[in-house]
Amino acid sequence: MAALTESAPVDRAMPAARGRRSPYPAWFFLPAAVIYGVLFLAPTFASFYFSLTRWTLSNSVFIGLDNFVQFFREPFLVQGLVNTVIYAVLTSGLKVVIGMALAVLLTSNIIARGYLRSVVFFPVLVSTVGVGITFTVLMHPTQGMINEGLALLGIKGPGWLTDPKLALISVALVDVWKGVGLATVIYIAGLVAIPKDYYEAARIDGATKWQNFWYVTLPLSRPATATVITLSFIGGLRTFDLIWAMTKGGPGFASDTVASVIYKQYQAGFYGLSTAGNVVLFILIGLLVVPLTMILNRKQGHE
Amino acid sequence: MRSVRSLAGGFAAIFASIVVFVIPFAYIILTALKDRRQAATRDFSLPNGFHLWDNLVQVVTTRNWMLVTAFINSTLITVASVTLIVVFAAMVGFVLARRKTRWNGLIEFLILAGLMIPPAVVPTIWLLQGLKLFGTLHGMVLIEIAYNLPFSILLYRAFIATIPRELDEAAIIDGARPLDVFFRVILPLLWPVTVTNIVVQSVGIFNDFTNPLYYLPGAGNATVQLTLYNFQSQFNTAYNLLFTNILLITIPPLVVFLFFNRQIVAGMTAGAVKG
């Protein structure tokens, strides 16, 4: 409570002197803090301990770093780690590029703009598992619609989800299909906030369309880019439901990610190892996302 | 105004959107209309008869009306958790935006941590078991609240910062008690952002697959997304039923989309302009 008295100068506008209680009571934090603290923070802290144990839920034996050693020694677990990074980079990169392109297109004077915006955005709201199952059927190597369509064009489609080299990329592409609408609306919000004066000035200077995009649109939509990258990168690192609905990490372990490894180890009853996977994912996100957001925000400050 | 070239570009965009986005949805609908034998070919073709009703009856009654149970469960979880998220998040957002203390930094850090950190699954299950909440609907509600609060708090805080403080002061001078300031002055003003919160969180929680998978096991506890998952293994080749189920669970988000498109976009793009 010491903090409250210290903050009194800031609250000076409030007639605290008359013995009224603050209209900004600290206990307003309480319900949220209890639920968040008990069900999110406490398990997160507990995970650091339990990741160092052999654990059956009823009792745990401290085994030091063995779980982590195992995690980094098993090739398929390491592959899960690498896959996670590939998946996150691929999905967020594609969402930035395609989302930006679509946003430029959908803020231009194009026909059927409302329809196009809706149709691009709608998949964002649809069940991820539903999308995953649908595309699993569409991507079937011989009977799937995608390859049948390609066959009409005389192209022999690959085994999207059955080829170990391609499975992860295929799932990532479906992720982009489902998520690019969100990136697009974020970019649209960013683009319409750019003052028209800049384009006016560029036009007077005789800028081409391409120069317009490169020197006005792109730098001035940096906040949107930062949001898209951060959101989709974190989402990509944590991704589970789409992978699980489409490949269950297969074929073999070709499309396993850390999140699917966590689930598999949990199902197999290796609770300590599963929790170690959680800690690995935690550290991975910390190591990649914190510097990323710092870079994105710092560059923003120069403008 | 429009040149021939831009018109051609427009038609190209429409054509591409149909191939990429419309056809997958059309495929879902067409397959849901087929009988089992025709659906098994997995072609993109017109159904040879209208079998949607038969499929619906089968999907709904299967496994002891599991889909009905699942819809009830999902609705209960969504309504209860979204209601509490809205109230709790507005309270936090209000005090966080109004009162500057040295705790603000820590609270903001925790909010960002909640958005980034993956939940520690097994320790959470262990904790829920200890609290006798594992595999219960109210346990699931509390989990959804804990995981989704940070996003709502951010939305509220940003919005409340735009409401002038003088309003609180005027209310107090008029004799409002501290709680009245929030519940009777501020909360009604938050309506636009509350609608955004309700819509965005409802869609997210209704579509949640991972958390019920972990924390709400058992057939009686099935949620809508999990029926799909159970279904897939059960009717490995009954594609007509599988896609009827997909179609059914796509309807709630579609309705939300038709009525609240603007609010959803507003909620999801918050932060795009100012970072």
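Predicted model only: the values in this text are computed from it and were never measured. Residue numbers start from 1 in every chain, and the chains themselves are labelled A, B, ... in the order their sequence lines are given, proteins ahead of strands.
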For A/Gln143, is it the side chain, the backbone, both, or neither that has a heavy atom closer than 4.5 Å to a heavy atom of chain B?
both
Sequence neighbours left out, what passes salt bridge (Lys or Arg N to Asp or Glu O under 4.0 Å) with B/Asp180? Give chain and number order.
B/Arg177
Is it true that B/Trp103 and A/Phe29 have ring centroids separated by less than 6.0 Å?
no
CG (B/Leu128) and CG (A/Leu39) are apart, to the nearest 0.5 Å, by 6.0 Å
B/Tyr147 side-chain N/O to A/Tyr36 backbone N/O, donor-acceptor pair under 3.5 Å:
no
Heavy-atom closest pair, residues B/Val95 and A/Tyr24:
CG1-O, 3.8 Å
If you take all heavy atoms of B/Ala120 and A/Pro43, which pair is closest and at what distance?
CB-O, 3.5 Å
How about A/Phe28 and B/Phe88: are their ring centres within less than 6.0 Å of each other?
no
Bottom line for A/Val289: the part with an atom under 4.5 Å from chain B's heavy atoms is side chain
A/Phe45 versus chain B, heavy atoms under 4.5 Å apart: side chain, backbone, both or neither?
neither
Between A/Asn278 (side chain) and B/Pro119 (backbone), is there a donor-acceptor pair under 3.5 Å?
yes
For B/Val181, is it the side chain, the backbone, both or neither that has a heavy atom under 4.5 Å from a heavy atom of chain A?
side chain
Should we count CZ of B/Phe182 as having more than 12 external heavy atoms under 6.0 Å?
yes
Between A/Trp177 and B/Val20 (side chain of the first, backbone of the second, donor and acceptor by atom type, cut-off under 3.5 Å), is there such a pair?
yes
Residue part contacting chain B, namely of A/Leu191, when any heavy atom lies under 4.5 Å
neither
So, for A/Phe122 and B/Phe21, is the gap between ring centers shorter than 6.0 Å?
no
Where does A/Trp55 contact chain B at under 4.5 Å (heavy atoms): side chain, backbone, both or neither?
side chain
Residue A/Phe270 excluded, over 12 heavy atoms near CZ under 6.0 Å
no
Test your reading of the model: is there a side-chain donor-acceptor pair from B/Asn261 to the backbone of A/Ser118, 3.5 Å cut-off?
no
Output yes when a side-chain donor or acceptor of A/Arg238 lies under 3.5 Å from a complementary backbone atom of B/Met116, and no otherwise.
yes
Would you mind telling me which of A/Tyr271, A/Tyr115, A/Phe135 has the largest number of heavy-atom pairs within less than 4.5 Å of chain B?
A/Tyr115
Check whether A/Val38 gets within reach of chain B through its side chain, its backbone, both or neither, counting any heavy atom under 4.5 Å.
both
Okay, B/Leu115 and chain A: the region with an atom under 4.5 Å from a heavy atom over there is backbone
Polar side chain donor-acceptor pair, B/Thr210 to A/Tyr263, under 3.5 angstrom:
no
Check whether B/Leu84 gets within reach of chain A through its side chain, its backbone, both or neither, counting any heavy atom under 4.5 Å.
neither
